[in-house]
Number of protein chains: 2
Amino acid sequence: MARTAAPGSRERILRTAGELFYRHGVRAVGMNQVIDAAGCGKNLLYRHFPSKDDLVAAYLRACRRERDRSSAQATAALADDPAARLRALVAEVAATATRPDFRGCAFRLYLAEFPGHEGEPARLARDYLRDTRAEIDELVARLDVADPGQLADRIWLIVEGLYASAARTDSGRTSAAATRLIDDLLAAALPG
Amino acid sequence: MARTAAPGSRERILRTAGELFYRHGVRAVGMNQVIDAAGCGKNLLYRHFPSKDDLVAAYLRACRRERDRSSAQATAALADDPAARLRALVAEVAATATRPDFRGCAFRLYLAEFPGHEGEPARLARDYLRDTRAEIDELVARLDVADPGQLADRIWLIVEGLYASAARTDSGRTSAAATRLIDDLLAAALPG
DNA sequence: GTCTATAAGGGGATAGAC
DNA sequence: GTCTATCCCCTTATAGAC
């Protein structure tokens, strides 16, 4: 399918749809709107994405790829230091949350829009949240702290709060508060 | 209008609509669905609520009333102790978040569903968030702490994280983490 | 008169056909 | 790319039951 079409058409449609989905919400954006914004024919879009759910799933997969890439880049130069990686993880979320077009976490926004849905988009969103939470758990488990479960719960709470709060209030202030709170929590929990 | 109608009809419709809106999302629930669930005629609903936005606004106003009532009840027997009131505020949110049908904060869910909307529902949602944030600011301002702004930011972050996280993960664990973290923050910030 | 039930208008949704 | 099919949305109007 994609081989016969213009090489960049799929990516262009997906990028256009993703921007609309993220800015206005998935439910608020219709397929016609995507077609108009992408400047393509209805045929081409439905050849690449047979249904809206397929398009939404591709959008969330692209978000995941970007987040994984961004996360890997943030921790690339770091030594194998769990505390530093935790700080970098939160700092990377804070950097994302201060981008001018930030409107929240795409996965959390999708789940808020489609509660109880069980399609592939919902699975992708839940997978991302589960994996991120697991990453925090694993990093905290490698720390020498008295109560790893509690520390992981607290860091997760802050990550969730950062995503939620920065979408609606001053994101710079929220991000600064989150990063400093994580620093304090780690400093208080770690020996020395 | 409501004076001539059966006395309980408006409240019954509103309660039915509210449950549907909260459980499935405002956009996902159509007026026909509300009418079917309430077992009323289309005429009656539109007489009480001339448009869906009016019904949604009434739903959010009911949420606000319930939250204000619940908040007042939680702090009624408390002395005029800002720290105790802050702890009670978070504990009350935690209690809400552990209810079995908890799916998130109705106001935050609405704003996630309707970004950029400027009608009365959006105003009600933003008013609630602004008032809650202001309440935290005022309580923290009355504490004898070195950096009230920072403490208020952190408490707000935890409240946001609690609402967001408890909707998707183990709410008991999330609530416990939030209340204990608030306790620790207050204990660390307060003298003595 | 108050309510229910039903039909219909005007629009936009996804999706498919040519 | 346009055109159509089908469905559901919000809303209004009409007709009938108690």
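Chain naming here is simple, since letters A, B, ... match the order of the sequence lines and numbering starts at 1 in each. Values below: every heavy atom of this structure, side chains too, minus hydrogens, waters and symmetry copies.
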For B:Cys40, report the nucleic acid contact type (base, sugar-phosphate, nothing); a contact means any heavy atom under 4.0 Å.
-> sugar-phosphate
Verify, without hydrogens or angle tests, whether A:Ser175 (side chain) and A:Gly172 (backbone) share a donor-acceptor contact under 3.5 angstrom.
-> no
Within this structure, what is the CG-to-P distance between B:Asp36 and C:dT6, rounded to whole angstrom?
-> 11 Å
Whole-Å gap separating C1' (C:dT14) and CZ (A:Arg27) = 13 Å
Side-chain contact check for B:Met31: nearest option of C:dA15, D:dC10, D:dG1 is D:dC10
Salt bridge check: are A:Glu160 and A:Arg108 linked by an N-O gap of less than 4.0 Å?
-> yes
Rounded distance in Å - CG (B:Asn43) to P (D:dA15) = 13 Å
B:Asn32 CG to C:dA7 P, straight-line distance once rounded to whole Å | 13 Å
With the side chain defined as heavy atoms from C-beta on, A:Ser51 is closest, among C:dA15, D:dT14, D:dT12, to C:dA15
Calculate the interatomic distance between A:Tyr46 atom OH and C:dC18 atom C1'; express it in whole Å.
-> 16 Å
Which nucleotide in the set C:dT4, C:dA7, C:dA15 lies at the smallest distance from any side-chain heavy atom of A:Lys42?
-> C:dA15
Nearest heavy-atom neighbours spanning B:Asp153 and A:Ala177 | CB-CB, 3.7 Å
Separation of atom CD in B:Gln33 from atom P in D:dT11, rounded to whole Å = 15 Å
Mind running salt bridge (Lys or Arg N to Asp or Glu O under 4.0 Å) on B:Arg64 and B:Asp68 for me, showing each step along the way?
-> CA-CA 6 Å; B:Arg64 172 70 120 120; B:Asp68 286 347; 3.3 Å; yes
Gap between atoms CZ and P, on B:Arg47 and D:dT11 respectively (whole Å) | 16 Å
5' precedence on DNA chain C between B:Ala38 and A:Lys52 (nearest-nucleotide basis) = B:Ala38
When rounded to whole Å, the CZ to P distance for the pair B:Phe114 and D:dC9 reads 13 Å
